[in-house]
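Worksheet: one structure, shown below.
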Amino acid sequence: MILLIEDERDIADLVSYHLRQAGYTVACAARLRDGIAQALATPPELIILDLMLPDGSGLDGCRTLKNNPQTRHVPIVILTARGEEIDRVVGFEVGADDYLTKPFSPRELTLRVRAILRRHGDDRDAAAPTLSAGRLRVDTNAHQVFVDDRLVHVTAIEFKLLHYFLSNRGRVATRDTLLDRVWGYEAALTTRTVDTHMKRLREKLGPAGDAIETVRGVGYRFVGGE
């Protein structure tokens, strides 16, 4: 089930129609608090979230959903008329998996939703139960990260980044490779997106984040121990 949190009726009807035509079940909420309540009661497969809602900011809603254990790993697509780069960066910083500006192509939105859900499912199906390196431990079943057995709260994208590095330790990953492997495509994303997420991930990991080194002019590499 896909949850659409959007107060503009015409847009909600348009998105719902195209997603249902693509075979998805869609639930709608016109207010932020109602959408959050629905998501917590029955976590959806994916959330499409407007930024400007009558009872609050979609960014605050995204932050709330990503900080709750019940919905932390639900992918969120932000759909908004605010298309400045700083808006996209902030959206990704609070945990959004994708960002689409209005006016938009319903077909493109449907394709992005399909790509995110496929990637999300593949990540869960293919993941080994636990990945460990030095002070880091990644529980892929629970989608949790530990440093010295201390739980570190990370966003879904940060988790995917760390999982990718631990699965490919010692190999240099270019920023374009990370955009492709973690985000799934490069449209509307820049290498600055990668750098922003890497900075926040390292900060959360503390000294353990030093295991992810910057390869100047190329990308990043995980050099942590076994």
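Cluster annotation: V152 is not connected to F146 through the hydrophobic network of ILVMFWY side chains, with a link wherever side-chain heavy atoms come within less than 4.5 Å.
Residues passing the side chain to side chain contact (heavy atoms under 4.5 Å, CB included) test with D60 are S57, R63, sequence neighbours excluded. Judged as a side chain to side chain contact (heavy atoms under 4.5 Å, CB included), and not counting sequence neighbours, the contacts of A173 are Y164, F165, L178. Applying the side-chain hydrogen bond (donor to acceptor under 3.5 Å, both in side chains) test to D13 and every residue at least two apart in sequence or in another chain returns R9. In this structure K102 satisfies the salt bridge (charged side-chain N to carboxylate O under 4.0 Å, His left out) test together with E6, E8, D50, sequence neighbours excluded. Residues satisfying the ring-ring contact (aromatic ring centres under 6.0 Å, His included) test with F159, not counting sequence neighbours, are H143. In this structure A27 satisfies the side chain to side chain contact (heavy atoms under 4.5 Å, CB included) test together with M1, L3, Q38, sequence neighbours excluded. Here D34 pairs with A29, R31 under the side chain to side chain contact (heavy atoms under 4.5 Å, CB included) rule; sequence neighbours left out.
Within the structure, side-chain hydrogen bond (donor to acceptor under 3.5 Å, both in side chains) pairs that include any residue of residues 14-30 do not occur (at least two apart or interchain). Pairs engaging residues 140-157 under the salt bridge (charged side-chain N to carboxylate O under 4.0 Å, His left out) rule: R135-D148, R137-D149 [sequence neighbours left out].
Distance check: E158 CD to M198 CE gives 10.0 Å after rounding to the nearest 0.5 Å. For the atom pair CD1 of I78 and CG of L51, the computed distance is 4.5 Å after rounding to the nearest 0.5 Å. In this structure, CG on L4 lies 7.5 Å from CG on L79, to the nearest 0.5 angstrom. With rounding to the nearest 0.5 Å, the separation of CD1 in I76 from CZ in F92 is 12.0 Å. Between the CG atom in L65 and the CD1 atom in I5 there is a gap of 6.0 Å [rounded to 0.5 Å]. Atom SG of C28 and atom CG of D7 lie 12.0 Å apart (nearest 0.5 Å).
When every heavy atom of L151 is checked against every heavy atom of Q144, the shortest pair comes out as CD1-CB, 3.8 Å. When every heavy atom of I47 is checked against every heavy atom of A39, the shortest pair comes out as CD1-CB, 4.1 Å. The shortest heavy-atom contact between K66 and G95 is CE-O, 3.1 Å. Residues I36 and G61 share a closest heavy-atom pair of CD1-CA, 4.1 Å. Contact between I116 and P75 at its shortest, heavy atoms only, is CG2-CB, 3.5 Å.
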Give the intermediate values and the outcome of side-chain contact (heavy atoms from CB on, under 4.5 Å) for residues T64 and L32.
CA-CA 11 Å; T64 296; L32 183 61; over 6 Å; no
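L49 is not listed as a side-chain neighbour of V77, based on a closest heavy-atom distance of 4.5 Å or more.
For T71 (side chain) and V74 (main-chain N/O), no donor-acceptor pair under 3.5 Å exists by modelled atom type. Between the D55 side chain and the R33 main chain, a donor and an acceptor come within less than 3.5 Å of each other. Within the 3.5 Å criterion, the main-chain N or O of L40 finds a donor-acceptor partner in the side chain of Q70.
D97 and R112 are not joined by a salt bridge, as no carboxylate oxygen comes within less than 4.0 angstrom of a charged side-chain nitrogen.
For the side-chain contact (heavy atoms from CB on, under 4.5 Å) test with V145, the passing option among L162, L201, L166, D139 is L162; the others fail.
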Side-chain donor-acceptor pairs of residues 209-223 under 3.5 Å, sequence neighbours excluded:
{"residue": "E213", "atom": "OE2", "partner": "R221", "partner atom": "NE", "Å": "2.8"}
{"residue": "E213", "atom": "OE2", "partner": "R221", "partner atom": "NH2", "Å": "2.4"}
{"residue": "T214", "atom": "OG1", "partner": "R202", "partner atom": "NH1", "Å": "3.2"}
{"residue": "T214", "atom": "OG1", "partner": "R202", "partner atom": "NH2", "Å": "2.9"}
{"residue": "Y220", "atom": "OH", "partner": "D195", "partner atom": "OD1", "Å": "2.6"}

